[in-house]
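For reference, the structure is listed below as structure tokens.
Values reported hereafter were calculated over all heavy atoms of this structure, with side chains retained and with hydrogens, waters and symmetry mates removed.
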Amino acid sequence: MANNQEYDEPHSRYITRRAIWCAFVPCLAFFCLGWDFGATTWSMYRIRKDGAEDNAVAWCEWIHNSGLLYGFIAAGSMLGGFIGVLVTFLSFTHTSRKRVIRVASLLLVLGSTLQASAGYLYYHSQTALMCLIFGRISYGLGLGAAMLTCPKYIGEVVPDALRGSLLSMQEFAVVAGVCMSYAVGYETSDFMGTRGWEWTFQAETIPALTILFGMAYLPESPRWILASGGSVETARAASEFIHPDFTRHEAEELQRVIHEESIAIESKKGHDEVSPIREIFDLFKGTSAWSARIALGLIFFQNMSGAIVVSYYITDILDETYSYDNRHLLSALVGIGCIKLIGNMVAVNVIDKVGRRSLLKMGFAAISLSMAVTTIAYILEEGDHWYTTYSMIMITMAAYEVGCGSVTWVLLGELFPMHVKDAALALSLAFGFAVNYLAMEIYAIQRTNMGLWAPFLGFAVISALGYWFVETHLPAGMDNGLRSIESFHRLNCLRDNPCLPPGSRNQSGPDGDGGLSRLAAEEEWEERSSERSPLMP
């Protein structure tokens, strides 16, 4: 695409390569999340294997013998992410986007270095274990802060014409991080011998430092500058990084739009100052209550379906099924990473053609079936069933990426009205981290005390319940995405508006501006949603 291509927006001329860079650097935070998946699964596998040896060091033996400790360490980044999201939303919502992202990158560097130090201090049991635990939590703190802030920065800085495609880089970055961490584990395992896992953690500092230094050369969000009381001239200078012809008049126009948006948000929330905690509780009131219940339900089933948990423990699962050597094991992991990458690309290309609701149903159905087959294979234990387990895991990963792994986050961007999006994103991320932590702990305890069949049976049941949730609680019109959801919100706005007397179905919108009538809103929603959700108000 030519750098100077014109688009129908106020500041239409932009420099494409700079816009891509403004999205690429923050998206590395999602790459770090994917890297954590791969680095954790390989490192925890090696630590447990070391703990099973006769002459094992004490801290590896503790992890090997305790499912609770094993799960706590593996899921430590999820616990840190939960805390990081809440702290960032409650205390740093109005802080500079650039500053928050750079602080998050420092936490990522600290966390990866502490985790790697557990390998460097391998024979100092208590010190090594403390480094690993605090490193996991510190890394999670950075992930939580970055994942809450980076999408806001990208959405506010990049041009409208590129925003959708650049925001979609986030899920791709997660999968790319998984694949890259497997490749690094493959190389360090062969080069460093039995204890090369610390290098997979240490290598996490590379993308984290790229974020730290890359953000130093990127502009602050012009919207944040104006919303926080900055000058028009400062916002204009920041915009010139991507839009070289951005004028003072356009900056003043943006300031006016932000002022009008703030007035509209205040009218929704009331003129009293609303605390961030109150904003989260207000999500469960009025029209947004239905959206909040749908969002939390989808996030619960997405994280409890087992695909993310299997991603973290995949080496342990494969080694339990069939005793691979390191090279063959990591080759199997690279194959799974490629399947995840292909599944993500398929989802991006078919989501608008097939529909959100349909992809969710197909994904949960495939995950439930593959988990059930894996459970049967472990219960029967007849012969060498590694090929069954591996093929079912491949199906699970592909179904997750095509279904709930990608679609859930698309719907989260569409479900909520603009004035509650920040609180909704914070709640969704925090809840996702919490549920993921719980799922990983449950897996580790069940796997240690009952065997692998138990968690896989649980995943099969929960995925089937996820299919039921989508079938019964998401209306058929949800396949149409944003437009059908907006029509639902407009209809409820009209219904709840006290200015319209009962029965006035054909009156104008609440502002009396000849907008969408009550009848038109009802007809649009009925047309798009032939089925009703029992969660709808």
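- For the pair Glu220 and Lys98, the salt-bridge criterion is not met [side-chain N within less than 4.0 Å of a carboxylate O].
- Every residue meeting the salt bridge (charged side-chain N to carboxylate O under 4.0 Å, His left out) condition with Arg447, not counting sequence neighbours, appears here in chain and number order: Asp316, Glu320.
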Name every donor-acceptor pair, under 3.5 Å, that has one atom in a side chain of residues 69-76 and the other anywhere in the protein, sequence neighbours excluded.
none

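- Here the closest heavy-atom approach between residue Pro455 and residue Gln446 is recorded as CA-OE1, 3.2 Å.
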Steps toward side-chain contact (heavy atoms from CB on, under 4.5 Å) verdict (Glu204, Leu108): CA-CA 8 Å; Glu204 292 174 326; Leu108 293 174; over 6 Å; no
Go through Thr113 and Gln202 one step at a time and tell me if the side-chain contact (heavy atoms from CB on, under 4.5 Å) criterion holds. CA-CA 6 Å; Thr113 303; Gln202 191 66 76; 3.7 Å; yes
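- Residues Met440 and Tyr313 have side chains in contact (heavy-atom distance under 4.5 Å, counting atoms from C-beta outward).
- Side-chain contact check for Thr95 versus Thr149: every heavy-atom pair is 4.5 Å or farther apart.
- Between Asp422 and Lys152 there is a side-chain heavy-atom pair separated by less than 4.5 Å.
- The number of heavy atoms from other shown groups lying within 6.0 Å of CE (Met304) is above 12.
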Derivation and outcome, side-chain contact (heavy atoms from CB on, under 4.5 Å), residues Val435 and Gln302: CA-CA 9 Å; Val435 173; Gln302 177 199 42; over 6 Å; no
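- Counting only heavy atoms from C-beta outward, the side chains of Phe301 and Cys404 never approach each other to under 4.5 Å.
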Check residues 28-36 and write down every donor-acceptor pair under 3.5 Å in which the side-chain atom is one partner and the other belongs to a residue at least two apart or another chain.
unit_1	atom_1	unit_2	atom_2	d
Trp35	NE1	Thr200	O	2.8
Asp36	OD1	Thr40	OG1	3.4
Asp36	OD1	Arg136	NH1	2.6
Asp36	OD2	Ser77	OG	2.9
Asp36	OD2	Tyr312	OH	2.7

